Amino acid sequence: MGTNVGNVVIAKATDSTLWKSLLWRIIEELYPSNKISFHVVEYFMDSKVMTIAIYGKRLTQKSQFIMRIVVDTYALAERHKRRNKKMKFKIEEVTVYFPYDNIYPEQYAYMIELKRTLDAKGHCLLEMPTGTGKTIALLSLITSYTLSKPQSPIKLIYCTRTVHEMEKTLAELRLLHDYMVKCIGPSAKMLALGLSSRKNLCVNNKVLAAENRDSVDAGCRKLTASWVRALAAENPDVPSCEFFEQYERAGSAAVLPPGVYTLQDLRTFGKEKGWCPYFLARHMVQFANVVVYSYQYLLDPKVAAIISKEMQKESVVVFDEAHNIDNVCIEALSVSVRRQTVDGARRNINRMRQEIDKFKATDAGRLRAEYNRLVEGLALRGDLPAADGWLANPALPDDILKEAVPGNIRKAEHFIQVLRRLVQYLEGRLETENVEKENPVSFVFSILNHAGIDQKTLKFCYDRLHSLMMTLEITDTDEFLHVQTICDFATLVGTYARGFSIIIEPFDERMPHIPDPVLQLCCHDASLAIKPVFERFQSVVITSGTLSPIDLYPRLLNFNPVVSRSFTMSLTRDCICPMVLTRGSDQLPVSTKFDMRSDLGVVRNYGRLLLEMASVVPDGIVCFFVSYSYMDGIVNSWNENGILKEIMQHKLVFIETQDVVETTLALDNYRKACDCGRGAIFFSVARGKVAEGIDFDRHYGRLVIMFGVPFQYTLSKILLARLEYLRETFQIKEGDFLTFDALRQAAQCVGRVIRSKADYGMMIFADKRYSRHDKRSKLPGWILSHLRDAHLNLSTDMALHIAREFLRKMAQPYDKTGGTGKKTLLSQEDLDKIVLEGSMNDMLY
């Protein structure tokens, strides 16, 4: 295969003889064969399009334009012709509707295991390789299962990590819904919607002008709180939200008709009707057949108690891309207090004190009414108008005391005094010069001795703050986040004795010269946050492409799955090429171990590896580093010794930063560079935003290099405390957990380049530690099955040779259905045959 001597022309259409003849006819017309020759070096298929890259001399803009018009026109005709070829098949008694004309064998097997879980009304762990249609398999099976049991309907609660994933899920669901309605009729209609924050759903331009989510929430509250609306009814000069007012006036008529609604659909519908889409979606969640929203709406008690309290037990909960679900659970119950928090809380307390004095002078009856209500017990949150509800209690539902507020904080001024003493105590604890670690019991005892606040009072801090904010009619809630954090901390530390630690650090150990004291309430037990979900709902599905080793999750989350299964990827060709690179061309070992990472030989060899690969790999290359600081250091070194300049002679370089806007711009320009044919390199960080949520499919990612093993910072006091807890409580060894965590992050990084079976890409694990079996064996099976023994201990020049051979092999035509051997793409006829012969296992394994 030759090198790229000009532009790469990307053209799309379905695979057919007519398509090829059209394309070559255009080439011959534009460039007679005696003047120029073209070579097709690569093409691939997915379920919709074929992409072909043609390497040759620079094509004129006109010729590119003509080629694209012809092939795109043909592609549209082909897609129209195939539109009605969808699938309908049986899995035992359930008729499954699948909105594509073919299905992967692993999708079918995945559905079988999913149905077993639903039949058993239990929970499951399913690892499905990336790019094998996990989302549509889930949606098709669960919605079809619900249709088959009309006497006991099941609600689907689908949890995603990002808004982008939510929108992709709803787009797949819309395709499925349209197909089901076409097959069955109106009885198949359902209501499915996505739910997100006000910032993503609000249509009031004045509110949306705010900078961040908290400010948008506060801006909404200023216009929709019950006391604001009461004032606006008396005085037209008081601003209110016209969308919320019209929604309230519509009353029971404010409903969504059946259909699938993305966030954009909700905003459009809200504008058309003049209704607030956020509160409309909140209201319709309890009636919807399918709800798609963020993990936090179920796992964070502060949000779940407001958003998800109406969800019925007969629900199937899906946590998609759930490889980091243990970390999400821990973060939901952890709180950090810094000096800024203490200073801000003190300002908040002073403001509330002023408001109390003002009410005493003008409306003392309001404070007396609150006191009387607290004597009887806190008002139920369900009695509050939807617009008045703030965040709920941070403790889990079963751990919230169902009794009256203690007498010493019933009066507003007394509660303010308690908060002052608590803030003063925490400020004193932040003055330490040494790292301190305590368990909650001793910390609560210390608060009692030094501040005179007992455990029961601490437990009620959050609810008491909420009640006082309502009484004082405070709407700018974004200004009160600091005192909310303090009360969060107080309630959690007063509620839990096990599974938590309080760690006080005077500075970050990686920057000891900068004083930055932080007091952290750290949750170590991921099972605490997810336990109510397991107990409350009929079935919980935890699924991802990187759950290996899968047997560790039931121990971390403390549950017993009825199904635990890891699927392999059926492929017609070996389109995945993982390699373990242990040394450079000079035979010196490479690693990011602490004692080696700053070695000039390692830095140079990593640079030469990227330089050599950039010279032979077409299109996009993605590089992942173990941390931002390591990436900054190594890129600076490459710049100083001239390697970066040599790399940029082959491809442009873009870098992820901790600024979201900068990273978004870098990604956009990276894609443009790949689209224009030159290709590009993207530097990113394991555990960062890009590693978790951005796909580098097709020409955007032909190679991914994982520089090092992305272990957590092993000297972190929080990590050490969690490791100690896991060892004592779940008998999980420190080394086992650290390796498991690092390898799942590495797998998540390299999996970004394979997003469909028609795609192809190479993965280089550049660290000598990957050659060890105890490390390598923790990678997902779908990666290990393609990792040959000959690719385990490579130098840079050996990896370069393998890369050339792999790219040459990928340039050849292939049969996407696997017709010559095992089937990798099943038609309706294939499935019918499988059902008759019961030969699924033979086909898959």
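Quick caveat, the model's predicted, so the values are computed rather than measured.
At least one side-chain heavy atom of F269 sits under 4.5 Å from a side-chain heavy atom of L280. Looking only at side-chain heavy atoms (C-beta outward), K134 and L138 come within less than 4.5 Å of each other. Put simply, the side chain of R366 reaches to within 4.5 Å of the side chain of E473, judged on heavy atoms. You'll find the side chain of L665 stays beyond 4.5 Å of the side chain of E662, heavy atoms only. Side-chain contact check for R221 versus V228: every heavy-atom pair is 4.5 Å or farther apart. Taking 4.5 Å as the limit, every side-chain heavy atom of L465 sits out of range of all side-chain heavy atoms of F480. A 4.5 Å side-chain heavy-atom check between V533 and F319 finds at least one atom pair inside the cut-off. Here the side chains of H123 and L557 are not in contact, with every heavy-atom distance at 4.5 Å or above.
Remark: side-chain polar atoms of Y261 are not paired, donor with acceptor, to backbone N or O of L191 under 3.5 angstrom. A donor-acceptor pair under 3.5 Å is absent between the side-chain atoms of T543 and the main chain of D320, judged by distance alone. With S467 contributing its side chain and R464 its backbone, the two residues share no donor-acceptor pair below 3.5 Å. Between the side chain of T130 and the backbone N or O of I754 there is at least one donor-acceptor pair closer than 3.5 Å. R213 contributes no side-chain N or O that, together with a main-chain N or O of S197, makes up a donor-acceptor pair within less than 3.5 Å. The backbone N or O of T657 sits less than 3.5 Å from a side-chain atom of T663, completing a donor-acceptor pair. Judged purely by atom type and a 3.5 angstrom limit, T491 uses its side chain to pair as donor or acceptor with the backbone of Y462. A donor-acceptor pair is defined here as one N or O able to donate and one able to accept, closer than 3.5 Å; such a pair exists between the side chain of N348 and the backbone of E479. With Q748 contributing its side chain and T546 its backbone, the two residues share no donor-acceptor pair below 3.5 Å. In this structure a side-chain-to-backbone donor-acceptor pair under 3.5 Å is present from R752 to I694.
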- Message: Checking V285 against M311 for the side-chain contact (heavy atoms from CB on, under 4.5 Å) test, could you report, in this order, the C-alpha distance in whole Å, the side-chain angles of both residues, the deciding distance, and whether it holds?
- Response: CA-CA 8 Å; V285 156; M311 300 298 190; 2.9 Å; yes

- Task: For E248 and C276, run side-chain contact (heavy atoms from CB on, under 4.5 Å): C-alpha distance rounded to whole Å, both residues' side-chain angles, the deciding distance at 0.1 Å, then the answer.
- Result: CA-CA 9 Å; E248 284 287 294; C276 170; over 6 Å; no

- Task: Run the numbers on M352 and L419 for side-chain contact (heavy atoms from CB on, under 4.5 Å), then give the verdict.
- Result: CA-CA 11 Å; M352 287 192 289; L419 286 181; 4.2 Å; yes

- Task: Determine, step by step, whether Y295 and D300 satisfy the side-chain hydrogen bond (donor to acceptor under 3.5 Å, both in side chains) criterion, reporting the C-alpha distance in whole Å, the side-chain angles of both residues, the deciding distance to 0.1 Å, and the verdict.
- Result: CA-CA 8 Å; Y295 281 32; D300 188 338; over 6 Å; no

- Task: Test K182 against D178 for salt bridge (Lys or Arg N to Asp or Glu O under 4.0 Å), laying out the working first.
- Result: CA-CA 6 Å; K182 184 177 179 181; D178 292 345; over 6 Å; no

- Message: Test side-chain contact (heavy atoms from CB on, under 4.5 Å) on F279 and R198; report intermediate values, then the result.
- Response: CA-CA 9 Å; F279 285 103; R198 288 174 173 85; 3.6 Å; yes

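In this structure, CD1 in I307 is found 4.0 Å from CZ in R282, a value given to the nearest 0.5 Å. We find the OG-CD1 distance between S539 and I154 to be 7.0 Å, quoted to the nearest 0.5 Å. In this structure, Y553 OH and L125 CG are separated by 8.5 Å, a value rounded to the nearest 0.5 Å. Atom SG of C523 sits about 5.0 Å away from atom CG of L528, to the nearest 0.5 Å. Rounding to the nearest 0.5 Å places OG1 of T262 at 15.0 Å from NZ of K168. Atoms CD1 and CG, from I530 and L298 in turn, are 9.0 Å apart once rounded to the nearest 0.5 Å.
Of all the heavy atoms in E245 and R229, the pair that sits closest is OE2-NE, 2.7 Å. Between A188 and L147, the shortest heavy-atom distance links the atoms CA-CD2, 4.3 Å. Listed here is the closest heavy atom pair of T162 and T160: O-OG1, 3.2 Å. For V335 against D488, the heavy-atom pair with the smallest separation is CG2-CB, 4.2 Å. Between W275 and A250, the closest heavy-atom pair is NE1-CB, 3.7 Å. Contact detail for Y297 and S196: the closest heavy-atom pair is OH-C, 3.2 Å.
With hydrogens and angles left out, the side-chain atoms of E314 and S152 include no donor and acceptor closer than 3.5 Å. Inspection of the T268 and Q264 side chains reveals an N or O donor paired with an N or O acceptor under 3.5 Å. Checked by atom type, the side-chain pair N200/Y278 shows no donor-acceptor distance below 3.5 Å. A donor atom on one side chain and an acceptor atom on the other are found under 3.5 Å apart for S215 and N212. Counting only N and O atoms by type, the side chains of E370 and T471 include a donor and acceptor under 3.5 Å apart. Side chains of T132 and Y110: no donor on one and acceptor on the other come within 3.5 Å. Judged purely by distance below 3.5 Å, without hydrogens or angles, the side chains of N204 and E242 never pair a donor atom with an acceptor atom. Using a 3.5 Å distance cut-off with no hydrogens or angles, the side chains of E172 and T135 do not pair a donor with an acceptor.
Taking a cutoff of 4.0 Å between a charged side-chain nitrogen and a carboxylate oxygen, R347 and D343 do not qualify as a salt bridge.
Note on ring orientation: taking the six-membered ring where Trp is involved, the planes of F559 and F534 are parallel (angle under 30°, cut-offs 30° and 60°). The aromatic rings of F244 and Y247 are tilted relative to each other, their planes meeting at an angle between 30° and 60°.
In K222, the NZ atom is crowded: over 12 heavy atoms of neighbouring residues, nucleotides or ligands sit closer than 6.0 Å. The number of heavy-atom neighbours closer than 6.0 Å to NZ of K149, taken from other residues, nucleotides and ligands shown, is above 12.
Under the side-chain contact (heavy atoms from CB on, under 4.5 Å) test applied with K155, the options V291, N289, V290 reduce to a single match, V291.
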